[in-house]
Amino acid sequence: ILTLLFSELFQIATASCRPHKHIMFLKTHKTGSSTVLNMLYRFGDERGLWFALPTSDHFGYPNYFSAHHVRGYQSDSQQHFDILANHMRFQKSEVEKVMPPDTFYFSIMGDPVTMAKSAFSYFKTISPAFSQAESFHAFVSKPWKYYNPYVQYSHFSRNMMWFDFGFDHNANYSESLAMKGESVIRKTFNMILLLEYFDESLVLLRHALCWPMEAIITFSMNMQQSGSNEEMLLTENQERRLRDWNALDWHLYKAFNHTFWEEVERFGVARMEQELVILRNLRAKQMQTCLLEDGKLVESNKISDADLKPFQTGVKKILGYQLKPDLDNATHKACLNMVRPEIPYRKLLEAKQSLSAPPSLEKNSKM
Ligand SMILES: *[C@@H]1O[C@H](CO)[C@@H](O)[C@H](O)[C@H]1NC(C)=O
Ligand SMILES: *[C@@H]1O[C@H](CO)[C@@H](O)[C@H](O)[C@H]1NC(C)=O
Ligand SMILES: *[C@@H]1O[C@H](CO)[C@@H](O)[C@H](O)[C@H]1NC(C)=O
């Protein structure tokens, strides 16, 4: 049954639509976005698509995105880019200077409680409110005590999604403001994925983009070591405090969660279940093929291969993968692309793109 279904799915995807190749992904923080980025890097890399890459490590973050942050951008030329996906603070008018009009815009959101837990350790050294709090619980019980709205990186401890979408994270919550932000996002973004329903998100995305199943097989990237989780356990009351503290983000999450499940209904609940089974089977098989000990994650400092070493920041160990040593060349290359962390992959794409000029808009306006 599975193989039959599998071939049917490929047929549906290839017969009735053409793969989308102009893509803008707003890479939000602590939402699983590094895994999405790896998927986009692989998709574009394998097909020779042109990436809008930053001139430095990011697009001037936490300042607003500007087209001039894009490597090779020239305001007066007909060049165009296919994929724009690195961290930025979104600014539509500038993004539109870089991306073609038929670009598919998407992003990913998470529950502010989940995100705060991850952000607290990851941004502990750079976000002042986190570094000054004695513990996560101390922060949650009195965020105002540690929070200074005027310092850089304050947004990592308050409404960080709202900030990444380009809005003021210090604005006081009102329903009308929250709904206004929501509607601005809806006008631009074709789809919002959810961290907590990552695989369901990939299935919906694959159909929206008309991508083959193998393009959405991903391994989790940029994972933090969980260690003792007791300090991160919150009571219902504490969770409510955290959602109130991040009220603008909480509004966005609820609103786009609602839309997400409507889309799943429209897609078909049974059909979704079938695709999830296929996706998870393929991922498990791919892990067995590529990785030592079925994908056991190891600490960054224990990985010697620079191509596989994730960027270490924050107070917890960032984890990476170890490839099996005896893979044939083609398998090795495919596996390496799946586990190559963000920075080495970006550098590889930079080097590849430095060898030629970006495609021009006329020549390549077929999508
Ligand atoms: C939000 O409300 C607080 C307290 O009511 C006030 O001090 C602060 O100035 C307000 N912030 C903004 C951005 O309006
Ligand atoms: C998300 O949507 C589902 C399905 O409608 C619902 O059960 C769940 O409570 C929602 N979660 C939030 C945080 O709104
Ligand atoms: C595999 O890659 C190695 C090193 O790049 C190369 O020397 C070798 O010829 C390749 N083997 C095949 C079968 O392509």
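No hydrogens, no waters, no symmetry mates; every other heavy atom, side chains included, goes into these values. Read the numbers this way: they start at 1 and go in the same order the structure lists the ligands and their atoms.
The distance criterion of under 3.5 Å between nitrogen or oxygen atoms is not met by Tyr253 with respect to ligand 2.
For the residue pair Asp82/His80, the side-chain donor-acceptor check at 3.5 Å is satisfied.
Within the 3.5 Å criterion, the main-chain N or O of Thr235 finds a donor-acceptor partner in the side chain of Gln238. The backbone N or O of Phe51 lies less than 3.5 Å from a partner atom in the side chain of Gln353, making a donor-acceptor pair.
Counted within 6.0 Å of NZ on Lys285, heavy atoms from surrounding residues, nucleotides or ligands total 12 or fewer; the atom is thus considered open.
For an aromatic pair to be called close, the ring centres must be under 6.0 Å apart, and Phe65 with Phe59 satisfies this.
For atom 9 (O) of ligand 2, the closest non-hydrogen atom on the protein side is Asn257 ND2, 4.8 Å.
Residue contacts with ligand 2 for Trp250 involve side-chain atoms from C-beta outward but no N, CA, C or O (heavy atoms, distance under 4.0 Å).
Between Arg240 and Glu236 there is no salt bridge, since no side-chain N of the basic residue sits under 4.0 Å from a carboxylate O of the acidic one.
By the definition of a contact as any protein heavy atom under 4.0 Å away, atom 11 (N) of ligand 2 is in contact. Protein non-hydrogen atoms do reach within 4.0 Å of atom 2 (O) of ligand 2.
Less than 4.0 angstrom separates some heavy atom of Lys254 from each of these atoms of ligand 2: 14 (O).
Residue nearest to atom 4 (C) of ligand 2, selected from Trp261, Tyr197, Phe256, Phe260: Trp261 (by heavy-atom distance).
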